[in-house]
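A quick write-up on the structure given underneath.
Protein chains get the first letters and strands the later ones, always in sequence-line order, with residue 1 at the start of each. The shown structure was predicted, so the numbers you read here are calculated from the model rather than taken from an experiment. Reckoned from all heavy atoms, side chains included, excluding hydrogens, waters and symmetry mates.
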Amino acid sequence: MRVRFAPSPTGALHVGGARTALYNWLLAQQGATFVLRIEDTDRERSTPENVEQILDALEWLGLDDYEKPWISQISRRERHQEVLRQLIDGGHAYRSTAAKPEVDAYKARHGRERGFRGEAEAEGAVRLRVPDDGETVVRDIIRGETTFAHVHLDDPVIARADGSVLYNFAVAVDDLDAGITHVVRGEDHLSNTPKQLLVLEALGEPGPLYAHLPLLHGPDGKKLSKRHGAASVQELRDAGFLPEAVCNYLVLLGFGMYDDETIVPIDALINRFDLTHVSKNPAQFDERKLRWMNGRYVRDLSVEDLTARLETFTGRTGLRAAVEISREKMQTLADFWPLAGFIFDGPADDPAAREKWLDDDGRAVLRDVHAALDAVDPFTQDAVQAALEGVVAAREVKPKQIFQPVRVALAGRAISPGIFETVVVLGREETLRRIDRALQSVAKAPAP
RNA sequence: GCCGCUAUCGUCUAGGGGACUAGGACGCCGCCCUCUCACGGCGGAAACCGGGGUUCGAAUCCCCGUAGCGGUACCA
């Protein structure tokens, strides 16, 4: 069994493409040979930058154990010309100058549902001759057999007038030469499959087995694109998602497990994945569910691992202590800095929080807390907690009345990791300094 | 227009003639936990597109409609 992933040469890897790659990769883990080929027959759009982006995305996802990738247009020109000549000489294809107007005129005469048939000419583009009778059957593991009657099919153009070949021709010949047995790709290719099969048939070749995956849609039900937010793997990475969560989510988006598990690591998926259980209907990409799933994966990471990833993501170092007290509150890596950045960069500026919690009562509380923490020794979490709870008891108020002013003094906002943990991570000196500063800044603020 | 694919809670899905009072997950609502935000726990609302068949029996099989999506390029 040989499978291949043949993405467009257009830079960023679309999440739909990522899912296709994932399914191919899963098949490879089950024993298939996995081939990667950039399919580019359109004036070499496969720039080194574009190819690198695709390869990077696959590497990030951990799907990079394919056979050495190759680019169709660049390496296959001569072979394509050879097959083209073979088809023309054999009477399976012909040159024709007929374009859109001629095709429309033909259909006006013979009926809208009749496929275009042209006459052989001395020059022009190359069209494949489709038999008038019969049908081409696409054998698909996911959908069963789909039949296309030849009468409805136009003689497809397989090469331009300048001799450069077109996708439906190139992909058929490339798959044939690469010995591909199973083609797993998006459903958008289903309607063009008979053209590819017809090329193969003219060559006397049987054609592979297909598995056309349902398309991915955005929240509005339309094909997923940039305007839906993160539509590419690189955007997902930049948004702070973990590759293992993205893989888990993508596999299950369109693939139903027999049991009811949702969080299934990619390794566990290898044994259970089965093309016959891939869903037939298009799926909407739901970023909220991905966020939830990503949170689960974040919490399963060790503190060391999570710290390393966050240091790469933020470009900062020395994050470990802050990570340890924040990990329960993150869904994505991008959530970390807004939550814990104050530990490193000083309090945030949230006027509403200051106004609410640093009023006269709040300042009185801060003075008590300052005194209490000043006396704590050793400065451990238990001791800090006892000291702060002592203030709560002494003032006979709800814990929140004490903890929130402290939180705002330290973090500058009403949301932060646990207050005892935060105080300990900041240390006595920094904590007291921030409380002093909060008292001063409030005192200096002009009275309303 | 023509050709094709698809159709279960808002979303992802389980379901392959009786086990369906249609199960799980995200999201949503309520309660609990609680120093904020989260996490976690418990509970709840929420679906078989419509119409005909086949059958003792249909979410499941067939047909027709409808809707959504895709293809229809000298794009990939």
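- Here the side chain of K289(A) is nearest to one of C35(B), A76(B), C26(B), namely C26(B).
- For residues 6-18 of chain A, no residue pair satisfies the salt bridge (charged side-chain N to carboxylate O under 4.0 Å, His left out) rule, not counting sequence neighbours.
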Donor-acceptor contacts under 3.5 Å from residues 321-329 of chain A side chains, at least two apart:
residue: S326(A); atom: OG; partner: A322(A); partner atom: O; Å: 2.6
residue: R327(A); atom: NH2; partner: R299(A); partner atom: O; Å: 3.2
residue: R327(A); atom: NH2; partner: L301(A); partner atom: O; Å: 2.3

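- Pair assignment for U34(B): none, as no Watson-Crick or G-U wobble contacts are both less than 3.5 Å.
- Among the nucleotides A25(B), U36(B), G1(B), the one closest to any side-chain atom of T262(A) is A25(B).
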With side chain to side chain contact (heavy atoms under 4.5 Å, CB included) as the criterion, how do E201(A) and H92(A) come out once you've worked through the C-alpha distance, each side chain's angles and the decisive distance to 0.1 Å? CA-CA 10 Å; E201(A) 176 150 350; H92(A) 295 294; over 6 Å; no
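- Within the shown strands, nothing qualifies as a pairing partner of A59(B) under the Watson-Crick or G-U definition with both distances less than 3.5 Å.
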Return the polar atom pairs (N/O with N/O) between nucleotides 61-64 of chain B and the protein under 3.5 Å, or none.
none

Under 3.5 Å between N/O atoms: give me all the protein pairs with nucleotides 70-72 of chain B, atom names plus distance.
residue: G70(B); atom: N2; partner: S191(A); partner atom: OG; Å: 3.0
residue: G71(B); atom: O3'; partner: N192(A); partner atom: ND2; Å: 3.4
residue: G71(B); atom: O2'; partner: N192(A); partner atom: OD1; Å: 3.4

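- Residues from residues 278-285 of chain A that place a heavy atom under 4.0 Å from any atom of RNA chain B, listed by number: S279(A), K280(A), N281(A), P282(A), A283(A), Q284(A).
- Within 4.0 Å of R143(A), counting heavy atoms only, lie sugar-phosphate atoms of the nucleic acid but no base atom.
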Any chance you could lay out the side chain to side chain contact (heavy atoms under 4.5 Å, CB included) test for F255(A) and L250(A), step after step, and finish with the verdict? CA-CA 9 Å; F255(A) 176 67; L250(A) 248 24; over 6 Å; no
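- Under the side-chain hydrogen bond (donor to acceptor under 3.5 Å, both in side chains) criterion, R367(A) pairs with no residue at all, not counting sequence neighbours.
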Identify each donor-acceptor pair in which a side-chain atom of residues 404-411 of chain A lies under 3.5 Å from a protein atom, sequence neighbours left out, and give them as a table.
residue: Q404(A); atom: OE1; partner: R407(A); partner atom: NE; Å: 2.6
residue: R407(A); atom: NH1; partner: S416(A); partner atom: OG; Å: 2.7
residue: R407(A); atom: NH1; partner: P417(A); partner atom: O; Å: 3.1

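- Applying the side-chain hydrogen bond (donor to acceptor under 3.5 Å, both in side chains) rule to T136(A) yields the partners H150(A); only residues at least two apart in sequence or on another chain are considered.
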I'd like a table of atom pairs between the protein and nucleotides 37-42 of chain B - only N or O on both sides, under 3.5 Å - with the distance next to each one.
residue: C37(B); atom: O2; partner: K329(A); partner atom: NZ; Å: 3.1
residue: C37(B); atom: N3; partner: K329(A); partner atom: NZ; Å: 2.3
residue: C37(B); atom: N4; partner: K329(A); partner atom: NZ; Å: 3.4
residue: A38(B); atom: O2'; partner: E328(A); partner atom: O; Å: 3.2
residue: C39(B); atom: O3'; partner: R299(A); partner atom: NH1; Å: 3.4
residue: C39(B); atom: O2'; partner: E328(A); partner atom: OE1; Å: 3.2

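- With a 3.5 Å ceiling on both atom-pair distances, the Watson-Crick or G-U wobble partner of U66(B) is A7(B).
- By the side-chain hydrogen bond (donor to acceptor under 3.5 Å, both in side chains) test, H80(A) is found to be paired with D174(A), residues two or more places apart in sequence or in another chain being considered.
- Salt-bridge annotation for E113(A) and K107(A): absent, with no side-chain N of the basic residue lying under 4.0 Å from a carboxylate O of the acidic one.
- Note: CG (D286(A)) to C1' (G27(B)) measures 7 Å, nearest angstrom.
- For F336(A), the ring pair (Phe, Tyr, Trp, His ring centres under 6.0 Å) test picks out no residue, with sequence neighbours left out.
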Side-chain donor-acceptor contacts of residues 385-403 of chain A below 3.5 Å, not counting sequence neighbours, with atom names and distances?
residue: Q385(A); atom: NE2; partner: E389(A); partner atom: OE2; Å: 3.2
residue: R395(A); atom: NH1; partner: D368(A); partner atom: OD2; Å: 2.7

